[in-house]
Amino acid sequence: MTSSTPSAAAVMIEARGVEKWYPNGFQALRGVDLTVHQGEVVVIMGPSGSGKSTFIRTFNALEAFQKGSITVDGMALSDDVRNIDAIRREVGMVFQQFNLFPHLTVLQNLTLAPVLVRRRPRREVERQALDLLERVGIHEQAHKYPGQLSGGQQQRVAIARSLCMEPRIMLFDEPTSALDPEMVQEVLEVMQELARDGMTMVVVTHELRFARRVASRVVLMADGEVVEEAPPEQFFTNPRHERSRQFLSQIR
Amino acid sequence: MNTPGSSPLQRLRRELFASPLDGLISLLLIGFLLAVGLAVLRWMLFQAQWAVIQANSTLFAVGRYPVDQQWRLWLLTSLLALASGLSWGLLRRLPHPGPAWPRNDRLAVGLLIALAVVAPLALQLQASVQLRWWLITASLITSRWAAGRWGQAIPPALRRWIPLIWPLLYLAGMVLISGGLGLVSVPPSEWGGLLLTLLTASFAILLCFPLGVLLALGRRSELPLLRGASVLYIEFIRGAPLITLLFLGQNILGFLLPGGLAPDRVWRAAWVLTFFAAAYVAEAVRSGLAALPPGQLEAARSLGLPMPLALIHVVLPQALRVALPATVGQFISLLQDTTLLSLIGLLDLLGTARTVMANPAFLGKNGEVYLVLAVLFWCCCAALGLGSRALEHRLNPLSSPAQA
C-alpha cells in the first residue's frame with residue numbers, strides 16, 4: 001500500500017476539528033484533523049505534551065472531546081454507550097504499560113473479550129488465540145501468567161489480545177516506550193508484520209526506523225495541533241516546517 | 001527449614017543467646033512466661049471450679065433451644081463437618097495437586113482429635129453426647145481424606161457446581177434451626193449461646209459483603225446522586241457507635257412497621273449488624289479499587305467489554321484480592337461485635353454467660369466463664385483468619401505450585 005492512492009481505499013478514521021479541554025481549563029487538542037484510509041499505517045510523532053496520545057485515545061472514546069467530530073469505520077462517535085462499545089469492538093488498542101490482566105493466564109487474556117463480547121464458542125476462540133500466540137512467537141507461554149513474562153513478551157501478548165477481537169483498526173499508544181532496549185525490536189517486528197498483512201494502524205511512537213520503513217504517512221503534532229503531515233521520506237529528509245526540523249534534531 | 005549441620009540445640013543457641021544482651025532478654029522472657037503459664041495452669045487445675053461450665057454446657061451451646069428438637073442442630077453440625085471436610089480436601093488438591101497432607105493439615109487434624117478427646121471429658125458430657133461429638137470429628141476427617149483422595153476424579157463440569165453446596169447448606173441450616181417444611185417451628189427467642197452468636201455473625205458476614213462491594217462501587221461512581229448517597233451512608237454509619245445503632249434498630253423498626261410485620265428482635269439486630277459492617281467493608285473494598293492501575297479498566301473497556309462485564313471479570317477479582325485481608329479483619333471484629341447483642345437483652349454467648357453468672361448457685365465463678373468465652377471466640381476468629389490466609393495464597397496466580 002502506498003500513499004499515492006489513498007483515495008481509492010475506504011476511509012477508516014476521519015477526525016475533523018477535534019478540540020479537547022481538561023477540567024482544569026488546559027486545552028489539549030486545538031482543532032486536529034486526520035484522515036486514515038484502510039490499510040494505511042499512520043505514525044504520529046511529537047514532543048511530550050503535544051497531545052498525540054490524547055488524540056488517538058479519542059478514537060475509541062477513552063478520552064472525551066468537546067468540539068469537532070470523529071467517524072470510525074463509518075460510525076460517528078457519540079456519547080451513547082452502545083455506540084461507544086460498538087466502536088471499541090472494531091478498534092484494538094495497545095498501551096504503553098501493556099495493561100494485561102494479571103489474574104488471568106495469557107490464554108485467558110486473549111479469550112476473555114471474544115467469548116464475553118462477541119459470544120463466540122470458547123473452543124473456537126481458544127484455537128484462534130493459540131494461532132495468534134504462535135504468530136507473535138509465544139505460544140509455549142499460553143498457560144503462564146503475565147507476571148511471569150518479560151516486557152517484550154507481555155507487549156506481544158497485548159497485541160495478540162487485541163487481534164483476537166478481529167478489529168478493523170489497531171491503535172498503538174507508545175507501545176515500546178516502557179520496554180528495555182533489547183526488547184523493542186521483537187515488538188516492532190510483530191507490528192511490522194501486522195502492517196504488511198494490511199491492517200489499518202495508527203501508531204504513536206518515537207521509533208524512527210519503524211516510521212521510515214512501515215509508515216504510509218508521518219504526522220507531527222505539537223501543542224495540540226498537527227504541524228506537518230507527509231510521507232516518511234519527505235518528512236525525514238526534507239521537512240517543510242521549522243518545528244519539524246527542531247523536533248527531528250532533538251530525537252536524532 | 002533446617003540449615004545443614006544445625007541441631008535443634010545449636011539453633012536455639014543461635015536464635016536466643018547470640019549475644020550476652022540477647023541472652024539476658026531471652027532469660028527474662030522465659031522466666032516471665034514460665035511464671036505466668038504456671039500461675040494460670042495452677043488456677044485452672046486446682047482453684048477454678050469448672051462445674052459452672054459443666055452444668056451449663058448446653059445453655060452455652062444453644063441457649064434454651066427445646067431439648068426434643070436438638071437433633072436438628074446435631075444434624076446440621078454433621079452436615080457442616082462433611083461439607084467443610086469436602087471443601088478442605090478439594091482446595092488442597094485442585095486444580096494443582098500438592099502434597100496429600102501438608103504440615104498445617106496434619107497439625108489441624110491433630111488439634112481436632114485432641115479437642116474431640118479432651119473437651120467432652122473435661123465437660124463431663126453424657127456418653128451419648130460424647131459419642132456424637134466423636135462421630136462428627138471422624139466424619140470431618142474422613143470427608144477431608146476422601147476429597148483429597150478422589151477429588152481429581154470428579155469431572156470438571158461437576159466441580160464448578162461444588163461451591164454451591166455452601167449456600168444450599170446455609171438455607172437448609174436456616175430451615176433446620178427455625179423450623180418449617182414439616183419441622184416444628186422454633187422461634188428466635190429460644191435461640192441462644194454459641195448458636196445465636198454464630199447465626200447472627202454468619203448472616204451479617206454473608207450479606208454485608210455484597211452490600212459493601214456495591215457501596216464501594218457506588219462511592220466511585222460517576223453518577224453524582226449515587227456517589228453522594230453512598231458517601232452519606234458510609235460516613236453516617238462509621239460515625240455512629242454500633243451500640244446506639246442496635247438500640248435504634250430495636251426501637252425504630254418497631255415504630256415504623258405495623259405490629260407483627262416488624263422482624264423479630266433477633267433479626268432486627270442481625271440486620272443492624274449487617275448494615276453496620278457493610279460500611280466498613282465498603283471502605284476496605286474502596287482501598288482495593290484504588291490500588292488498581294486505571295489502565296486495567298481502560299484495557300477492558302477498549303476490548304469492548306461493557307462496564308458491568310469489565311467490573312465482574314477484570315476490576316473486582318483484582319480489587320477484592322487486595323481488599324481481602326482488611327475485609328476479613330472486618331469480619332473478625334463483626335464476630336466480636338455480636339457480644340453487644342447481650343446489651344440489648346439478647347442471649348448470645350455473652351448474654352447467656354451473664355444470666356449464668358447471675359444465678360446464685362454459680363456466684364463468683366466469673367473467671368471460669370469469661371475464660372471459656374475468650375477461648376471460644378479466639379477459636380472462631382483464628383479459624384476465620386486461617387481460612388482467609390489460605391484463600392489469599394490460593395488467589396495469588398504466582399503462588400500456585402504447578403505454574404512456576
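Just so we're on the same page: letters track the sequence lines, and every chain starts at 1.
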**Message:** Restricting to non-hydrogen atoms, name the atom on B:Ala299 and the atom on A:Phe101 that form the minimum distance, rounded to 0.1 Å.
**Reply:** CB-CE2, 4.0 Å
**Reported CD-to-CG distance for the pair B:Glu298 and A:Asp173, which is rounded to 0.5 angstrom** = 9.0 Å
**Request:** Report, as yes or no, whether the 6.0 Å neighbourhood of atom CD on A:Glu140 holds more than 12 heavy atoms from other residues, nucleotides or ligands.
**Result:** yes
**Message:** Please classify the contact of A:Leu100 with chain B as side chain, backbone, both or neither, using a heavy-atom distance under 4.5 Å.
**Reply:** backbone
**Residues, nucleotides or ligands: over 12 heavy atoms within 6.0 Å of A:Arg122 CZ** = no
**Asked** Should we say atom CG of B:Leu168 is surrounded by more than 12 heavy atoms from elsewhere, each under 6.0 Å from it?
**Response** yes
**Fill in**
Nearest heavy-atom approach of B:Arg301 to A:Asp85 is NH1-OD1, 3.6 Å
**Prompt:** Is it the backbone or the side chain of A:Arg161 that comes under 4.5 Å from a heavy atom of chain B, or both, or neither?
**Reply:** both
**Request:** Below 4.5 Å from any heavy atom of chain A, which atoms of B:Pro293 appear? Answer side chain, backbone, both or neither.
**Result:** neither
**Request:** For residues B:Pro306 and A:Val117, report the shortest heavy-atom separation together with the two atoms involved.
**Result:** CD-CG2, 4.4 Å
**Asked** For the side chain of A:Asn99 and the backbone of B:Gly295, is there at least one donor-acceptor N/O pair under 3.5 Å apart?
**Response** yes
**Structural part of A:Phe95 lying under 4.5 Å from a heavy atom of chain B** = side chain
**Message:** Taking atom CZ as the centre, does B:Phe236 end up with more than 12 heavy-atom neighbours from other residues, nucleotides or ligands that are less than 6.0 angstrom away?
**Reply:** no
**Proximal component of B:Ala300, with respect to chain A [non-hydrogen, under 4.5 Å]** = both
**Request:** Taking all heavy atoms of A:His103 and all of B:Arg321, pick out the closest pair and write down the distance.
**Result:** CB-NH2, 3.1 Å
**Message:** Atom CZ of residue position A:Arg118 - does it have more than 12 heavy atoms of other residues, nucleotides or ligands inside 6.0 Å?
**Reply:** yes
**Nearest non-hydrogen partners of B:Gln318 and A:Pro102, listed with the distance** = OE1-CG, 3.2 Å
**Item:** CG-CE distance between B:Leu303 and A:Met93, expressed to the nearest 0.5 angstrom
**Value:** 11.5 Å
**Asked** Using non-hydrogen atoms only, which part of A:Leu62 is less than 4.5 Å away from chain B: side chain, backbone, both, or neither?
**Response** side chain
**Request:** Could you tell me whether the side chain of B:Leu309 reaches within less than 4.5 Å of the side chain of A:Leu112, counting heavy atoms only?
**Result:** no
**Item:** Pick from A:Pro167, A:Ala61, A:Ala113 with the largest number of heavy-atom pairs that fall under 4.5 Å of chain B
**Value:** A:Ala113
